[in-house]
Colleague: 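I have a structure here, written as structure tokens, and I will follow up with some questions on it.
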Amino acid sequence: MSNKIVVENGVLNVPNNPVIPFIEGDGIGPDIWAAASRVIDAAVEKAYNGEKKIEWLEVLAGEKAFNQTGEWLPQETLDKINEYLIAIKGPLTTPIGGGIRSLNVALRQQLDLYVCLRPVRHFDGVPSPVKRPEDVDMVIFRENTEDIYAGIEFESGSEQAQKIINFLQTEFGVNKIRFPETSGIGVKPVSKEGTERLVRSAIEYAINHKRPSVTLVHKGNIMKFTEGGFKKWGYELAEKEFADQTFTWNQYDAIKAEQGEEAANKAQADALAAGKILVKDSIADIFLQQILTRPNEFDVVATMNLNGDYISDALAAQVGGIGIAPGANINYVTGHAIFEATHGTAPKYAGQDKVNPSSVLLSGVLMLEHLGWQEAADMVTKSVEKTISSKVVTYDFARLMDGAKEVKCSEFATELIKNL
Ligand SMILES: NC(=O)C1=CN([C@@H]2O[C@H](COP(=O)(O)OP(=O)(O)OC[C@H]3O[C@@H](n4cnc5c(N)ncnc54)[C@H](OP(=O)(O)O)[C@@H]3O)[C@@H](O)[C@H]2O)C=CC1
Ligand SMILES: O=C(O)CCC(=O)C(=O)O
Ligand SMILES: [Mg+2]
């Protein structure tokens, strides 16, 4: 039997010995990947008595790729991930202000991994800056291919920036560019198709996981045709494709305008009592306040690329930080997916065997669940809970916990394996 994962009629077919490409990553990547892969392998071995085993295949990206091949993201890496469908990666460095564009973003764009899925929940015993971290249980659906992350930017003073500014001024009468001589220019594409496939995935997830609401987060009051478009298209999609399963605030407003507030309240209450999912929206700035003050009100969150990047780190902080925040980049149509930590390369800790491997490990748990290997996934999750509850933790948690025993990244993995 082939050891390739394939999609057949929209369903993943996973052999017992699937080949899964991995990118080790820059900075802390080698430390956390070594630790996390040991735990994943041990859990799979234990859960299936050796009947299943992942055949890891290293593919290169980032500094390791550049040093070995002269390329930051070799075509062979993209080809292998394309071929084997599912991959996992450590973080990759992106220089600020100049140099290469993000390899992380490039991977998502080139494989069209349009959903960045980032579940955020609290693990018992994890130290948190908020009083009730257990109230945070949200799943972020971040659009992963559009927005200002498309990388269409022109430097201040460049011929391109000047041409665009001149064009805007002469063709469209734009007179609002405050300092036209020295402005850099960025372009923010947000499309109906891009919004629809993201919001569709978020609503399907809410239906499949029995989540009561989907919140569209946007800044549509200011960016009317990009972020405002996202909100409009999101509501339209819910009402068109999920009419029987959802009730939207858009519908609430229409009923209120025609029949008054009482009728709108009743329609919403009836819809929710019938098990429909509430599709609502929130403007991004107040959303960042409300996830802190009343996190109970939010479940599935659908948003654009930049908002999703900010929201995922902010929410991660409420449940213990990015050291424990997992993620996945998925194309639900082709079946391609790359699982990856939410955090970056934390260069100051590179090579110190110090940081928390939980983010990439829990991304591995998402991967195991995606493969249908739920037993192994549950085993890792339970071990993380047990190990943290026993107060054996890496530096990031130890500095916030009384009476904790601080261990290295590799020692934490060994403890996790013991607790499987
Ligand atoms: N998907 C990806 O590959 C991503 C890549 N990046 C890239 O990473 C580089 C560094 O980015 P930076 O903004 O410094 O953000 P990082 O996420 O790399 O690090 C910021 C801080 O977060 C904490 N942290 C990160 N990872 C861990 C971990 N595993 N365990 C414990 N604590 C952790 C550390 O906090 P403390 O100092 O408090 O100990 C660290 O100093 C940049 O080039 C950036 O572009 C960034 C995000 C995602
Ligand atoms: O690609 C990068 O360097 C940063 C990306 C990022 O912060 C994220 O995807 O969360
Ligand atoms: Mg980020």
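Just follow the structure's listing: the first ligand is 1, and inside any ligand the first atom is 1.
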Colleague: With heavy atoms of Thr93 as the reference, note each atom of ligand 1 found under 4.0 Å away.
Modeller: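 Atoms satisfying the 4.0 Å criterion: 43 (O).
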Colleague: Of the choices Arg108, Arg101, Glu340, which has the non-hydrogen atom that lies closest to atom 9 (O) of ligand 2?
Modeller: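 Looking at heavy atoms only, Arg108 sits closest to atom 9 (O) of ligand 2.
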Colleague: For ligand 1 and Gly90, I'd like to know whether there is a polar contact (N/O to N/O, distance under 3.5 Å).
Modeller: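 In this structure, Gly90 places no N or O atom under 3.5 Å from an N or O of ligand 1.
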Colleague: To check your reading of the model: name the closest protein heavy atom to atom 8 (O) of ligand 1, its residue, and the distance in Å.
Modeller: Thr345 N, 3.0 Å
Colleague: Taking NZ, NE, NH1 and NH2 as the nitrogens, is one of them in Arg211 or Asp137 under 4.0 Å from a carboxylate oxygen of the other?
Modeller: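 Salt bridge: yes.
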Colleague: Side chain to side chain contact (heavy atoms under 4.5 Å, CB included) for Tyr235 and Gln251? Distances and angles first, verdict last.
Modeller: CA-CA 9 Å; Tyr235 276 140; Gln251 291 168 323; over 6 Å; no
Colleague: Can you label the angle between the Tyr349 ring and the Tyr395 ring as parallel, tilted or perpendicular, going by 30° and 60°?
Modeller: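 Because their plane-to-plane angle lies in the 30° to 60° range, the rings of Tyr349 and Tyr395 count as tilted.
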Colleague: N/O of His343 under 3.5 Å from N/O of ligand 1, yes or no?
Modeller: yes
Colleague: Which protein heavy atom lies closest to atom 5 (C) of ligand 2, and at what distance to 0.1 Å?
Modeller: Asp309 OD2, 4.3 Å
Colleague: Quick check: does Gly323 get an N/O under 3.5 Å from an N/O on ligand 1?
Modeller: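 No.
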Colleague: Considering only protein heavy atoms, which is closest to atom 3 (O) of ligand 2, and at what distance to one decimal place?
Modeller: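 Its nearest protein heavy-atom neighbour is Thr94 OG1, 2.6 Å.
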Colleague: Closest non-hydrogen protein atom to atom 4 (C) of ligand 2, residue and atom name please, with distance?
Modeller: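 Residue, atom and distance for the closest contact: Asn104 ND2, 4.4 Å.
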Colleague: Identify the heavy atoms of Leu92 and Ala61 that sit nearest to each other, and give their distance.
Modeller: CD2-O, 3.8 Å
Colleague: Identify, for atom 5 (C) of ligand 1, the protein heavy atom at the shortest distance, and state residue, atom and that distance.
Modeller: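 Nearest neighbour among protein heavy atoms for atom 5 (C) of ligand 1, to 0.1 Å: Leu92 O, 3.3 Å.
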Colleague: What do you reckon, does Pro95 have a nitrogen or oxygen under 3.5 Å from a nitrogen or oxygen of ligand 1?
Modeller: no
Colleague: Examine Asp309 and say whether one of its N/O/S atoms is closer to the Mg ion (ligand 3) than 2.8 Å.
Modeller: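 True for Asp309.
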Colleague: What are the atoms of ligand 1, with element, lying closer than 4.0 Å to any heavy atom of Arg108?
Modeller: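 Those of ligand 1 that fall under 4.0 Å from Arg108 are 1 (N).
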Colleague: Under 4.0 angstrom from atom 46 (C) of ligand 1, is there any protein heavy atom?
Modeller: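 It does; a protein heavy atom is within 4.0 Å.
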Colleague: Examine the side chains of Tyr149 and Asp309 and answer whether a donor and an acceptor come within less than 3.5 Å of each other.
Modeller: yes
